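Predicted model, so just to flag it, every value in this text is computed and none were measured.
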Amino acid sequence: MAFGTVESSLEIRELLRDSGGFAVIDGGLATELERKGADLNDPLWSAKCLISTPNLIREVHLDYLEAGANIITTASYQATIQGFEAKGFSREESEALLKKSVEIGFEARDLYYERHAECLSDGIENEKISKKRAILVAASVGSYGAYLADGSEYDGNYGDVVTLDTLKEFHRRRVQVLAESGADLIAFETIPNKLEAQAYREILEEDNIKTPAWFSFNSKDGINVVSGDSLLECVAIADRCKKVLAVGINCTPPRFIHGLILSIQKVTTKPILVYPNSGETYDPDQKEWIPSTGVSDEDFVPYVCKWREDGALLIGGCCRTTPTTIKAIYKALS
């Protein structure tokens with residue numbers, strides 16, 4: 001069910017139409033992997049499981065599909081060629097691991113269809129199943145700050161030495177490989193500043209990437225992106241790129257999402273997606289979440305209904321959200 005090209009793809013709007021006007025994005029990956037026994041104390045973070053325990057990634061994808069997700073994001077957020085090479089892998093092996101993240105997503109989708117073939121198709125061929133329940137695999141691309149693993153993805157401060165060309169050189173081959181993997185979408189996630197958004201846009205356009213994409217920014221004040229750059233200017237970069245089919249916010253406290261949706265609507269008519277974190281605060285020095293201001297799964301539901309009223313069409317969760325959260329989102333939207 002790979003998209004192939006932007007022009008011939010089943011676009012986001014068609015997915016929304018076939019799914020009743022909304023689509024559900026999955027939730028947090030890393031904490032679910034840890035709950036299943038993975039040790040992610042590593043610069044590769046969740047991407048470490050691509051090497052050691054890919055079966056756990058598949059299990060988490062399946063958990064989210066069972067919860068009602070239409071879109072699952074791959075374990076490639078912190079998977080970079082540079083990061084794998086630092087672990088001793090060759091360039092060829094590193095690229096193979098990136099593609100593996102997408103293959104695992106496909107495997108999870110296929111397994112889900114097999115599990116539910118009888119109830120979905122009632123004897124009809126698999127093609128009919130796809131039309132009944134569209135499931136897309138989005139190849140996740142994390143920021144340069146995620147690769148640095150120093151917390152800079154949460155402030156977007158890379159210093160003057162990091163230029164537009166630096167970011168394009170860092171991301172280019174990774175984006176090419178994920179586009180070649182057959183993923184349905186490329187999800188540029190937790191974009192912390194305008195410079196990185198511009199780098200992504202230029203890569204998509206200069207390399208004529210055929211796989212459609214979404215841009216998702218993060219905010220810590222409910223007004224700007226985390227670097228302090230104007231959210232409106234960042235969204236405008238995405239809006240001007242024909243390869244970008246949706247734009248929105250992720251890894252941001254739920255209390256800020258309402259205002260951010262209204263701001264985004266001033267700049268773009270593209271579908272808006274939101275998948276906030278649980279509201280907890282991340283301590284980059286201790287590399288742990290502080291569970292003092294989080295939102296329970298039950299409290300997520302009133303937020304979800306408001307976001308849908310505001311105009312968000314794709315809704316899910318990010319860090320510290322779980323399959324239970326996604327199930328609550330699915331039920332609220334349904």
Side-chain angles (χ1 to χ4, degrees), residues 1-9 26 29-30 42-54 57-58 61 71-110 136-149 153 162 164-191 196-216 238 241-246:
M1 190 175 164
F3 276 156
T5 67
V6 173
E7 292 77 15
S8 64
S9 70
D26 63 5
L29 177 64
D42 189 277
L44 290 176
W45 198 39
S46 56
K48 177 185 175 184
C49 291
L50 291 170
I51 303 167
S52 57
T53 51
I57 300 172
R58 190 181 306 107
H61 287 330
I71 302 173
I72 51 175
T73 51
T74 64
S76 53
Y77 176 82
Q78 205 136 334
T80 64
I81 294 171
Q82 297 88 339
F84 289 132
E85 287 180 334
K87 289 287 189 179
F89 291 93
S90 67
R91 172 59 64 95
E92 184 179 48
E93 290 169 333
S94 300
E95 293 184 2
L97 285 167
L98 281 173
K99 291 181 180 179
K100 184 176 182 178
S101 69
V102 178
E103 291 167 2
I104 294 170
F106 291 157
E107 291 169 5
R109 181 171 66 188
D110 290 344
L136 307 182
V137 176
S140 173
V141 174
S143 68
Y144 180 67
Y147 158 73
L148 296 176
E153 66 192 293
V162 176
L164 179 64
D165 287 339
T166 303
L167 294 175
K168 287 166 66 176
E169 181 180 355
F170 175 79
H171 287 296
R172 188 180 301 277
R173 182 55 189 156
R174 177 193 193 186
V175 173
Q176 291 172 344
V177 170
L178 290 173
E180 294 164 2
S181 72
D184 298 316
L185 296 160
I186 299 177
F188 294 95
E189 303 187 282
T190 326
I191 307 173
E196 199 145 25
Q198 184 65 32
Y200 291 148
R201 177 189 170 188
E202 292 187 14
I203 290 172
L204 290 173
E205 294 174 341
E206 292 170 0
D207 293 10
N208 194 25
I209 299 298
K210 299 297 184 183
T211 309
W214 80 47
F215 278 18
S216 185
C241 184
K242 293 181 180 179
K243 308 294 180 73
V244 177
L245 299 188

Report task. Indicate yes or no: at least one non-hydrogen side-chain atom of Leu98 is less than 4.5 angstrom from one of Ser181. Result -> no
Query - Distance, nearest 0.5 Å, that separates OG1 of Thr74 from CG of Asp184 - result: 11.0 Å
Report task. May I ask you to check whether His171 and Tyr200 place their ring centres under 6.0 Å from each other? Result -> yes
Query raised in the report: Is there a donor-acceptor pair under 3.5 Å between the side chain of Arg174 and the backbone N or O of Ala79?
Result: yes
Query raised in the report: Considering only heavy atoms from C-beta outward, does the side chain of Phe188 approach that of Trp214 to under 4.5 Å?
Result: no
Report task. Could you grab the distance from atom CD of Glu180 to atom NZ of Lys210, nearest 0.5 Å is fine? Result -> 13.0 Å
Query raised in the report: Is there side-chain contact between Leu50 and Ile104, with at least one heavy-atom pair below 4.5 Å?
Result: yes
**Report entry** Exam field: side chain Glu196 to backbone Tyr144, donor-acceptor pair closer than 3.5 Å
**Finding:** yes
**Report entry** Considering all heavy atoms, the nearest Pro43-Lys87 contact
**Finding:** CD-NZ, 4.3 Å
Query raised in the report: Are Cys49 and Thr53 side-chain neighbours, meaning at least one heavy-atom pair lies under 4.5 Å?
Result: yes
Report task. Supply the atom-to-atom distance Ile186 CD1 to Thr211 OG1, rounded to the nearest 0.5 angstrom. Result -> 5.0 Å
Report task. Could you verify whether a donor N or O on one side chain and an acceptor N or O on the other, from Glu202 and Gln198, lie under 3.5 Å apart? Result -> yes
Query - Glu206 atom CD, over 12 foreign heavy atoms within 6.0 Å - result: yes
Report task. Could you tell me the separation between the CG atom of Leu245 and the CG atom of Leu185, rounded to the nearest 0.5 Å? Result -> 7.0 Å
Query raised in the report: Can you tell me if Thr80 uses its side chain to pair, donor with acceptor, with the backbone of Gly83 under 3.5 Å?
Result: yes
Query raised in the report: Do the non-hydrogen side-chain atoms of Lys242 and Glu205 ever get within less than 4.5 Å of each other?
Result: no
Query raised in the report: Yes or no on side-chain contact (heavy atoms from CB on, under 4.5 Å) for Glu93 and Leu97, after CA distance, side-chain angles and deciding distance?
Result: CA-CA 6 Å; Glu93 290 169 333; Leu97 285 167; 5.6 Å; no
Requested in this report: Mind telling me whether Phe84 and Phe89 have parallel, tilted or perpendicular rings, with 30° and 60° as the class edges?
Outcome: perpendicular
Report task. Could you tell me whether Asp207 and Arg173 have a side-chain N and a carboxylate O separated by less than 4.0 Å? Result -> no
Report task. Check whether any side-chain heavy atom of Lys243 lies under 4.5 Å from a side-chain heavy atom of Arg201, and answer yes or no. Result -> no
Query raised in the report: Does Val244 reach the side chain of Leu204, with side-chain heavy atoms less than 4.5 Å apart?
Result: yes
Query raised in the report: Shortest non-hydrogen contact from Gly182 to Phe106?
Result: O-CZ, 3.3 Å
**Report entry** Ser46 side, atom OG; Ile57 side, atom CD1 - distance, nearest 0.5 Å
**Finding:** 7.0 Å
Query raised in the report: Looking at NE2 of His61 and CD1 of Ile72, how far apart are the two atoms once the value is rounded to the nearest 0.5 Å?
Result: 5.0 Å
Query raised in the report: Looking just at side-chain N and O atoms, do Glu153 and Tyr77 make a donor-acceptor pair shorter than 3.5 Å?
Result: yes
Requested in this report: Please check if any side-chain donor atom of Glu189 sits under 3.5 Å from a side-chain acceptor atom of Ser140, or the reverse.
Outcome: yes
Query raised in the report: Going by heavy atoms in the side chains, are Tyr147 and Gln78 under 4.5 Å from each other?
Result: no
